[in-house]
Every structure is written in C-alpha cells, then in structure tokens.
Amino acid sequence: MPLNKLQVRVQQIRYEAVDIVSLLLVDPSGAELPDYAAGAHIDVHLPNGLIRQFSLCGSPTDKHSYLFGILKEDPGTGGSKFIHENIHVGDLLEISEPKNLFKLSSRAERHLLIGGGIGITPILSMSYVLEQQKAEYILHYCSRSPEKTAFREELVDVVQHGQLCFHFDGGNPENGLDIKTELRDYVNGTHLYCCGPEGMMNAVRDFSSHWPVGTVHFEYFTQDALPTNEFDETAEDSEFQIRLASDGQVFTVPAHKSIVDVLRENGIFIETSCEDGFCGTCLTRYLEGQPDHRDEVLDDEDHEEYVLICCARSKSPELVLDL
Ligand code: FES
C-alpha cells in the first residue's frame with residue numbers, strides 16, 4: 001500500500017551549524033500531521049524532480065510539525081545543495097508520510113546510540129522518547145568540532161536522564177570515540193543504534209559483529225555506507241509472478257528485471273529513489289508469498305509485512321502485493 005503524499009509549508013529555516021540548516025514543516029492549514037515514531041524519515045519531493053530522504057529529529061509528541069536537518073553536501077548528489085540554495089520560508093513542499101526503518105526496540109533493556117555528524121538527526125528524535133520513558137541509555141555524538149555540531153544545545157536540554165557524550169575529533173577519527181572499546185563487552189539486553197558517515201558505520205558494524213543478531217540497528221541514507229550485500233550476485237535469478245491484490249492482475253517478473261520495472265512497464269506508477277534497497281521509498285506491503293528480501297534496511301519484523309520492490313525477488317512462485 002503506497003504511502004500518501006502530503007503538502008506542507010516551510011515554516012522555519014534555521015542555521016544549526018556550519019553547512020547545516022534545519023527545516024520546520026507544517027500543514028498549510030495548521031492541521032495535525034500524521035504520527036511518526038522516533039527514527040522515522042520522510043521523502044522530500046524537490047521541485048527539481050529529485051526525491052531525498054531526511055530523518056525527522058523533533059519530538060514525536062509534536063503533532064503539528066516535522067523538523068529535519070540538512071547538511072549541504074558539495075558536490076553530493078544535488079538534493080541538499082538544492083534545498084540550501086533554493087528553498088525558502090513559506091514555500092510549499094511535497095513529502096511522503098513518515099516511514100520508519102530505524103525503530104527503537106521494544107525488547108531493549110538499555111540503549112546505546114551513536115550518531116555521527118548529520119546522522120544525529122534520528123537519534124535526537126530517539127532521545128526525546130527515551131527521556132519520556134526514563135530509559136537507560138547512552139548517546140555518543142561524534143563530530144569534527146563544536147561549530148559543526150548541529151542540535152548541540154537541544155541535546156544538552158533534552159538528555160537529562162540518559163548520558164550524553166560529545167566527541168570532537170578535529171577531522172581525525174583516532175581522536176574521537178573509541179568504538180572498538182565501547183562495543184567490546186556486550187551487556188545483555190542492550191540495543192545499539194547508529195547513523196553517521198560511512199567510516200563510522202563500518203567501524204560500528206565491524207566492532208559489533210559479536211553482538212546478538214537483531215540488537216544492532218543502522219540507518220543508511222547513502223549507498224556507500226551499506227554493507228556488501230550478502231546474496232550472491234553471480235547466482236542466477238529466476239522468474240516469478242506477482243499478483244496485485246486490488247484487481248488480481250498477474251505479471252511475470254523475468255530474471256533480469258525488478259518488480260518495479262515490470263509494474264512500470266504495465267502502466268503502474270511506483271515511486272522510487274535509490275532503486276537499490278536502502279532508502280525505503282518503494283516500501284510495499286505483501287499479503288501472500290515469500291519474498292527474497294535483498295535490502296539491508298528492514299529488520300526481521302518489517303520483513304514479515306513489507307518488501308522493498310526495487311530490489312527484492314521471490315522465493316515462492318507468486319508474491320501477492322497490496323497494490
Ligand atoms: S527505491 Fe529505495 S529502497 Fe526501493
């Protein structure tokens with residue numbers, strides 16, 4: 001079931017740190033916006049045709065606005081630069097409803113949060129929730145210098161019950177958080193959440209490899225930060241069928257095409273962004289069949305209900321999609 005699009009107004013643009021601004025979005029008529037849980041992100045449909053994902057960083061209890069931060073990446077892929085240079089207070093923007101591929105675990109007894117640079121945004125939202133829950137947690141915020149540290153004052157205000165540690169490395173990760181030592185001893189019941197630059201994500205992934213399955217959570221917004229896919233790319237894909245639950249149409253997905261390709265060829269518009277299984281834009285519910293999930297961003301619970309149809313295939317002869 002595709003998520004609805006929303007039209008929102010940019011109510012505020014604020015300088016947060018060097019090369020980082022935040023945008024506050026509201027409903028043009030002042031109505032409440034759809035709920036979201038900490039860790040969620042939205043797709044922003046830019047007037048230049050690009051679609052970009054941004055984590056929401058406000059408190060999920062705020063029903064009237066969405067806040068997100070944007071680092072101006074130069075050269076980047078154009079989305080963040082476009083926003084920095086072309087979006088103004090009062091503009092209308094089209095966004096998706098929030099989706100969440102980076103949830104706080106309800107099974108966790110304590111939480112360890114590691115945010116690097118602009119990757120702090122979903123983690124800031126998590127800290128609001130963990131404070132409300134009076135949860136046991138430690139938040140490490142890694143950045144180059146105080147001037148490049150967005151939302152620093154908010155975090156100092158928000159984090160009262162948990163433990164907040166800033167790590168300024170001056171551009172040399174060796175002077176920052178000692179990730180290896182931090183993750184060496186797994187404490188039962190701990191869940192780890194990480195969002196940040198590629199090098200940091202790789203280090204966290206490597207040094208948490210002995211943590212129990214399902215206790216380490218990542219938020220990826222660039223393909224570079226993704227781990228190498230575990231499926232064998234040389235293996236022969238085989239064809240399967242998809243059926244649309246709404247009208248029963250059946251299509252064959254050949255070995256060399258994706259589900260999205262086949263739907264498009266048949267006149268069914270599917271919104272995508274990365275087309276590589278990491279942004280979540282093509283998230284679709286399935287009702288029957290056994291997907292061969294090939295993404296790195298949905299967890300086991302998500303996989304029981306959803307499939308990313310830009311990259312998934314099917315283990316069963318037929319997959320029924322909620323389309
Ligand atoms: S389009 Fe990005 S996950 Fe499918």
Side-chain angles (χ1 to χ4, degrees), residues 1-6 36-37 39-46 48-56 68 70 73 76-80 82-83 94-103 118-119 121-122 195 198 201 217-231 233 237 240 242 244 251 253-287 289-315 319-323:
M1 185 178 60
L3 295 167
N4 291 329
K5 277 197 212 157
L6 310 169
Y36 69 94
H41 71 270
I42 52 172
D43 297 336
V44 177
H45 297 251
L46 295 170
N48 63 359
L50 293 174
I51 303 174
R52 289 292 177 267
Q53 291 71 42
F54 297 98
S55 292
L56 298 177
F68 64 95
I70 308 150
E73 290 178 282
T77 50
S80 65
F82 182 89
I83 293 181
E94 198 168 72
I95 64 171
S96 69
E97 286 186 19
K99 12 187 169 179
N100 203 332
L101 310 176
F102 190 50
K103 298 183 202 96
I118 194 63
T121 49
C195 184
E198 181 188 356
M201 301 270 267
H217 313 268
F218 294 97
E219 179 74 320
Y220 301 100
F221 281 121
T222 68
Q223 197 173 9
D224 293 345
L226 278 167
T228 312
N229 248 326
E230 282 149 23
F231 68 87
E233 302 214 22
D237 284 331
F240 57 96
I242 49 171
L244 308 190
F251 304 114
V253 182
H256 61 287
K257 289 187 179 168
S258 71
I259 298 175
V260 163
D261 290 337
V262 170
L263 289 171
R264 282 189 182 140
E265 282 170 8
N266 287 281
I268 296 157
F269 175 72
I270 299 291
E271 207 157 82
T272 60
S273 179
C274 71
E275 301 218 356
D276 233 337
F278 70 85
C279 73
T281 304
C282 64
L283 187 75
T284 302
R285 184 174 284 125
Y286 67 95
L287 305 175
Q290 196 186 1
D292 177 3
H293 296 286
R294 294 186 174 185
D295 64 90
E296 297 286 352
V297 296
L298 301 183
D299 61 22
D300 292 348
E301 214 175 302
D302 297 324
H303 280 156
E304 285 173 16
E305 190 174 356
Y306 295 102
V307 57
L308 293 178
I309 56 174
C310 66
C311 61
R313 302 198 65 78
S314 182
K315 292 179 182 167
L319 201 55
V320 181
L321 301 174
D322 189 13
L323 289 173

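Just so you know, ligand 1 is whichever comes first in the structure, and atom 1 is the first atom listed for that ligand.
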**Q** At what distance, to the nearest 0.5 angstrom, does NE2 of H41 lie from CD of E219?
**A** 6.5 Å
**Q** With side chain to side chain contact (heavy atoms under 4.5 Å, CB included) as the criterion, how do V253 and L319 come out once you've worked through the C-alpha distance, each side chain's angles and the decisive distance to 0.1 Å?
**A** CA-CA 10 Å; V253 182; L319 201 55; over 6 Å; no
**Q** Just jot down the ligand 1 atoms closer than 4.0 angstrom to any heavy atom of T272, in number order.
**A**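 Answer for ligand 1: 1 (S).
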**Q** For R285 and Y306, which heavy atoms make the closest approach, and how far apart are they?
**A** NH2-OH, 2.8 Å
**Q** If I take atom 4 (Fe) of ligand 1 as the centre, what angle separates the SG atom of C282 from the SG atom of C310? Nearest 10 degrees is fine.
**A** 100°
**Q** Just wondering, do L56 and P98 contact through their side chains at under 4.5 Å, heavy atoms?
**A**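 A side-chain contact under 4.5 Å exists here.
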**Q** Could you tell me whether the side chains of T272 and R264 share a donor-acceptor contact shorter than 3.5 Å?
**A**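 Short answer, yes.
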**Q** Number the atoms of ligand 1 from 1 as they appear, then name those within less than 4.0 Å of a heavy atom of S273, with their elements.
**A** 1 (S)
**Q** Is the distance from atom 2 (Fe) of ligand 1 to some N, O or S atom of C279 under 2.8 Å?
**A**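 Within the cut-off used here (under 2.8 Å), C279 does place an N, O or S atom near atom 2 (Fe) of ligand 1.
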**Q** With heavy atoms of E275 as the reference, note each atom of ligand 1 found under 4.0 Å away.
**A** 1 (S), 2 (Fe)
**Q** Heavy atoms only: give me the nearest A255-R313 pair and the separation to one decimal.
**A** CA-NH2, 3.5 Å
**Q** Would you mind listing which atoms of ligand 1 come within a distance below 4.0 Å of any non-hydrogen atom of G280?
**A**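 Those qualifying, in numeric order: 2 (Fe), 3 (S).
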**Q** Considering only heavy atoms of G277, which atoms of ligand 1 have at least one such atom less than 4.0 Å away?
**A**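 Those atoms are 3 (S).
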